[in-house]
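Reading through the structure tokens given below for one structure.
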Amino acid sequence: MAPKLDRYFQQVDDLSDHFIERLRKAVAIPSISSEAPRRPDVIRMGHWLADELTNLGAQAELRALGKQHGTDLDLPPVVLARYGNDKSKRTILVYGHYDVQPAEKEDGWETEPFELTVKDDGRMLGRGSTDDKGPVLGWLNAIEAHKKAGIEFPVNLLMCFEGMEEYGSDGLDDLINAEAKKYFADADAVCISDNYWLGTEKPCLTYGLRGCNYYSVEVSGPGADLHSGVFGGTAQEPMTDLVRILGSLVDTDGKIQIPGIAEQVAPVTAEEDGLYDAISFTMETLHESLGSKTTIFEDKKPTLMARWRYPSLSIHGVEGAFSAPGAKTVIPAKVIGKFSIRTVPDMEIEKTNECVYKYVEEVFKKLGSKNTMKVYAQHCGNWWKSSPKHWNFVAAAKATERVWGVQPDYTREGGSIPVTLTFEQATGKNVLLLPMGSSTDGAHSINEKLDKRNYIEGTKLLGAYLHYVAEEPQN
Ligand SMILES: C[C@H](N)C(=O)N[C@@H](Cc1c[nH]cn1)C(=O)O
Ligand SMILES: [Zn+2]
Ligand SMILES: [Zn+2]
């Protein structure tokens, strides 16, 4: 296998400019799943991806998912593709997403978010570069480099790329369940490249994710926005109620104030307690990724535990509130607060929702307000945790050593990929998370980037992983 891999690596290097151009084209499509006016762009992105796959010789198809829950909006299609159908080879199912988080230059970006900008230091800035367009294109790049180098592709590759991950993967669970014994029937294992290294130097393999329950709290009263000079002091203000509700959810040190949440969390076992010290992670790297030193904990272990194995509650924003610069003397008539809870083993989605609804209703009742309040979950996705001892992980560890020259860390991820558990349960196969980007990539943030090194070596890693998968004995 060694000479074959060397030739593959050389071909990836030779094609690196072409691969960056491919990423430039993908970043230029503003496929923001959470903004309804951008839906045509998300759909265009799905078509672009399917066309690229077809041009590479894959059998690609677009699967419609119907309407977005509770709306008349078409969901973006899922891109399903197959490359190779040789019964003597293993089949690997890979998943990724082609939608992105919102981004505006005015948010503070140093470059146009939808124009890939390659800096002299190797940073490639652009929305979706690391989350998740770069890793998705890594699979396409791996196919192309094999073809151009004349190396036989080591496995059959099944691909499932969706356009709604950043908005709760609406409709995808049903498709996965329906196709588990059809399109995905011959998958031997699953691989997802959609998370990040813990730092900037040490690669990792990931065996856990937190879930995410995302909530809205609506408070309304007046029939329209009001002049605060005329109505201030006479009307009960929705924003005042909302701020007090949001302020009651979590304290400054991240402690969730809602009864019934902490009680569901699995206790720390002795085995788990011993895992943290060996992980290559420093508070300095965390401060670098955070852009400040405002961490809740001073030390590595409680910080990692807070990210991986405890729930957190974040307040994201308020729809309907005055948020522009300057001073507008308005009383908003209706405001919608958005917050989410990252969930962990052994929390249950429904139980957590009940705790949230009960608590928010009690807090609102205590305010004695005449306004109207509604609290509901927008979308919920499960946490996932598996064992990294499977041959799928063993193959990825060997590929990591080959490409990066070090043994990977075994990590859990604080973020969520809602369909991971669905893939595991529907196919009954092992799922591996194999990240490409690093901790300073700024996914979901301004100046999101993927380092050229991570994109190119990451493409080598995905290809090498498929070679090791082809040879790894069953365990
Ligand atoms: C880890 C992955 N790249 C990601 O960013 N996932 C999102 C998914 C999401 C959106 N709403 C709920 N889950 C995330 O973790 O925020
Ligand atoms: Zn992602
Ligand atoms: Zn994301």
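Keep in mind that this is a model prediction, so the values were computed, not measured. Remember, it's 1-based here, ligands and their atoms both numbered in the order they're listed. Any value given below was found using the heavy atoms of this structure, including those in side chains, with hydrogens, waters and symmetry copies removed.
- Panel note: side chain Arg210, backbone Gly414; a donor-acceptor pair is recorded below 3.5 Å.
- You'll find the ring centres of Tyr276 and Trp308 inside the 6.0 Å limit.
- For Pro135, the side-chain contact (heavy atoms from CB on, under 4.5 Å) partners at least two apart in sequence or on another chain are Asp132, Ser193, Met436.
- The ring pair (Phe, Tyr, Trp, His ring centres under 6.0 Å) check on Trp383 picks up nothing, with sequence neighbours excluded.
- Not a single donor-acceptor pair under 3.5 Å links the side chain of Tyr376 to the backbone N or O of Glu218.
- By the 30° and 60° cut-offs, the orientation of the rings of Phe153 relative to His146 is perpendicular.
- Note on ring orientation: taking the six-membered ring where Trp is involved, the planes of Tyr214 and His316 are parallel (angle under 30°, cut-offs 30° and 60°).
- A cation-pi arrangement is absent between Arg412 and Trp384 under the rule of less than 6.0 angstrom and at most 45 degrees off the ring axis.
- Protein atoms of type N/O/S that fall under 2.8 Å from the Zn ion (ligand 3) number 4 in this view.
- Summarising the geometry, atom CG belonging to Leu15 is positioned 8.0 Å from atom CG belonging to Asn141; distances are rounded to the nearest 0.5 Å.
- At a 4.0 Å heavy-atom cut-off, the residues surrounding ligand 1 are Asp131, Glu165, Glu166, Asp194, Tyr196, Cys212, Arg342, His379, Gly415, Ser416, Ile417, His444, listed by chain and number.
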